[in-house]
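Single-structure report; data block below.
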Protein chains: 2
Amino acid sequence: MEKYENLLRNSNIKVTPQRLAIVEELDGHVHMSIEELYEAIKKKFPSISLATVYKNINAMMDQGFMQEVKVPGQKSKYELTKAPHSHVVCENCGKVEDIALDLEKVTQDAANMTRYEVRGKALILSGICPACKTAS
Amino acid sequence: MEKYENLLRNSNIKVTPQRLAIVEELDGHVHMSIEELYEAIKKKFPSISLATVYKNINAMMDQGFMQEVKVPGQKSKYELTKAPHSHVVCENCGKVEDIALDLEKVTQDAANMTRYEVRGKALILSGICPACKTAS
DNA sequence: TTAAATGCAAAAAATTTGCAGACGT
DNA sequence: ACGTCTGCAAATTTTTTGCATTTAA
């Protein structure tokens with residue numbers, strides 16, 4: 001995970017094993033709640049404390065490294081900052097996936113209707129994922 | 001607020017002054033956090049307890065009367081259930097507004113790409129509202 | 001070497017629960 | 001009258017903070 005070490009270093013944020021563990025965990029799972037992250041990291045890093053996870057999530061969010069995904073009906077999940085994108089969440093299994101959707105038109109419409117200077121767009125679609133549909 | 005009395009009554013949920021106060025407050029302000037609701041209602045109804053606000057929000061959400069709006073960067077706000085719609089939030093003053101946007105195309109795209117059976121759509125745009133733009 | 005990070009325990013904030021009395025229907 | 005709701009206090013849960021020690025650079 002060389003790439004993350006450098007990304008962190010370039011941003012007045014020290015590279016600690018705890019931080020790398022968080023980043024690597026997210027790099028694998030993509031979307032996890034605080035508690036999920038903590039439990040997962042404890043397996044490889046039993047001494048980590050929950051406070052450290054909180055502090056680091058907050059620090060990395062302040063630096064723009066990480067973003068909160070406010071999922072309807074469940075706890076917030078966190079992801080490493082990537083290109084802007086939308087999310088799809090399965091109402092059955094809770095899984096969250098990224099999806100690249102074109103929100104240009106919708107954003108234009110909104111700007112015209114509200115006169116807002118629109119800066120951010122957060123779209124979360126929910127439904128039943130193919131796996132859960134098959135299973136039921 | 002006759003209308004709400006009947007709506008509540010038709011749904012095995014008793015009409016109490018506390019509940020009417022919550023509903024009337026939201027009917028006026030549309031989007032409020034738990035704490036905002038509690039503070040506002042206390043003015044007209046000093047004996048209400050925070051626990052009652054929580055219990056009623058939860059009860060009315062269970063009944064589908066009320067919905068949580070998970071706003072990026074601030075506490076969740078609540079609104080009375082209306083026709084599906086999107087939201088615009090001002091990053092400066094925190095105000096949340098409803099907006100009717102056509103998400104048909106975007107939803108279709110998402111369904112095609114993910115094979116999800118899409119049921120819900122939550123879009124929150126953020127930016128600077130006209131009032132804050134003028135003021136700055 | 002030095003400022004920043006960790007981990008613990010304690011504090012604070014947010015939310016839920018149990019229960020006796022009050023209230024809606 | 002009956003079952004539900006309220007308000008209080010206590011219990012949980014979630015998140016933040018202070019501080020002594022350790023660690024990255």
Side-chain angles (χ1 to χ4, degrees), chain A residues 1-2 4-25 32-63 65-78, chain B residues 1-2 4-25 32-63 65-78:
Chain A
M1 301 294 128
E2 265 301 311
Y4 292 120
E5 289 201 35
N6 294 326
L7 277 173
L8 288 172
R9 234 182 290 270
N10 292 339
S11 178
N12 25 326
I13 183 163
K14 286 189 181 173
V15 178
T16 65
Q18 291 85 341
R19 283 178 180 160
L20 282 177
I22 291 174
V23 166
E24 286 171 19
E25 196 64 47
M32 298 175 84
S33 70
I34 299 261
E35 202 63 34
E36 284 167 352
L37 256 176
Y38 175 54
E39 291 303 331
I41 292 172
K42 261 204 304 192
K43 286 176 187 156
K44 298 186 175 177
F45 208 126
S47 73
I48 200 170
S49 86
L50 183 53
T52 297
V53 177
Y54 273 104
K55 285 172 184 167
N56 283 336
I57 295 275
N58 287 335
M60 296 191 204
M61 287 212 294
D62 290 348
Q63 302 296 329
F65 263 89
M66 209 168 272
Q67 282 177 277
E68 187 177 1
V69 185
K70 294 197 164 200
V71 186
Q74 41 176 302
K75 297 252 168 70
S76 285
K77 302 203 165 179
Y78 298 84
Chain B
M1 302 295 129
E2 265 299 312
Y4 293 119
E5 290 201 34
N6 294 326
L7 278 173
L8 287 172
R9 234 183 290 269
N10 293 338
S11 179
N12 27 324
I13 184 164
K14 285 188 181 174
V15 178
T16 65
Q18 290 87 341
R19 283 178 181 159
L20 282 177
I22 292 174
V23 165
E24 286 172 19
E25 197 63 47
M32 300 175 83
S33 70
I34 299 261
E35 202 63 32
E36 284 167 352
L37 256 175
Y38 175 55
E39 292 303 330
I41 292 172
K42 260 205 302 194
K43 287 175 187 158
K44 297 184 175 179
F45 209 126
S47 72
I48 199 171
S49 87
L50 183 53
T52 298
V53 177
Y54 273 104
K55 284 171 185 169
N56 283 337
I57 295 275
N58 287 335
M60 295 190 204
M61 287 212 294
D62 289 348
Q63 302 296 329
F65 263 90
M66 207 167 277
Q67 281 176 276
E68 187 177 3
V69 185
K70 294 198 162 198
V71 186
Q74 41 175 303
K75 297 253 168 72
S76 285
K77 301 203 165 178
Y78 298 84

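All values below were derived from every heavy atom in this structure, side-chain atoms included, with hydrogens, water molecules and symmetry-related copies excluded.
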Base, sugar-phosphate, or nothing: which does A/I48 touch, judged by heavy atoms less than 4.0 Å apart? sugar-phosphate
Please work out if B/P17 contacts a base, only the sugar-phosphate, or nothing of the nucleic acid, heavy-atom cut-off 4.0 Å. sugar-phosphate
Quickly work out the [X] [atom1] to [N] [atom2] distance and round it to whole Å.
{"X": "A/E68", "N": "D/dT14", "atom1": "CD", "atom2": "C1'", "result": "13 Å"}
{"X": "A/K14", "N": "D/dA24", "atom1": "NZ", "atom2": "C1'", "result": "5 Å"}
{"X": "A/D62", "N": "C/dA5", "atom1": "CG", "atom2": "P", "result": "11 Å"}
{"X": "B/L8", "N": "C/dG24", "atom1": "CG", "atom2": "P", "result": "14 Å"}
{"X": "B/E39", "N": "C/dA13", "atom1": "CD", "atom2": "C1'", "result": "14 Å"}
{"X": "A/R19", "N": "D/dT22", "atom1": "CZ", "atom2": "C1'", "result": "14 Å"}
{"X": "A/Q63", "N": "C/dA4", "atom1": "CD", "atom2": "P", "result": "12 Å"}
{"X": "B/Y78", "N": "C/dT15", "atom1": "OH", "atom2": "C1'", "result": "10 Å"}

Less than 4.0 angstrom between a side-chain N/O of [X] and OP1 or OP2 of [N], yes or no?
{"X": "A/T52", "N": "C/dG7", "result": "yes"}
{"X": "A/S47", "N": "C/dG7", "result": "yes"}
{"X": "A/N56", "N": "C/dT6", "result": "yes"}
{"X": "A/N12", "N": "C/dA4", "result": "no"}
{"X": "A/K75", "N": "D/dT14", "result": "yes"}
{"X": "B/Y54", "N": "C/dT15", "result": "yes"}
{"X": "A/Q18", "N": "D/dT23", "result": "no"}

If you pin A/E35 and B/S49 to their nearest nucleotides in DNA chain D, which one's is more 5'? B/S49
Nearest-0.5 Å distance that lies between atom [atom1] in [X] and atom [atom2] in [Y]:
{"X": "A/N58", "Y": "A/Q63", "atom1": "CG", "atom2": "CD", "value": "11.5 Å"}
{"X": "A/I13", "Y": "A/R19", "atom1": "CD1", "atom2": "CZ", "value": "4.5 Å"}
{"X": "A/S47", "Y": "A/I41", "atom1": "OG", "atom2": "CD1", "value": "11.0 Å"}
{"X": "A/E36", "Y": "A/K75", "atom1": "CD", "atom2": "NZ", "value": "9.0 Å"}

Would you please test A/T52 and A/T16 for side-chain contact (heavy atoms from CB on, under 4.5 Å) and show each step? CA-CA 11 Å; A/T52 297; A/T16 65; over 6 Å; no
In terms of side-chain heavy atoms of B/L50, which of D/dA25, C/dT15, D/dT15 is nearest? C/dT15
Of the candidate nucleotides C/dT16, D/dC5, D/dA25, which contains the atom at the shortest distance from the side chain of B/A51? C/dT16
Given DNA chain C, 5'-ward residue of the pair B/N58 and B/I13, judged by closest heavy atom: B/N58
Starting from the 5' end of DNA chain C, give me the residue, A/T16 or B/K55, whose nearest nucleotide shows up first. A/T16
Per side-chain contact (heavy atoms from CB on, under 4.5 Å), B/Y78 is matched among B/V69, B/I34, B/I22 by B/I34
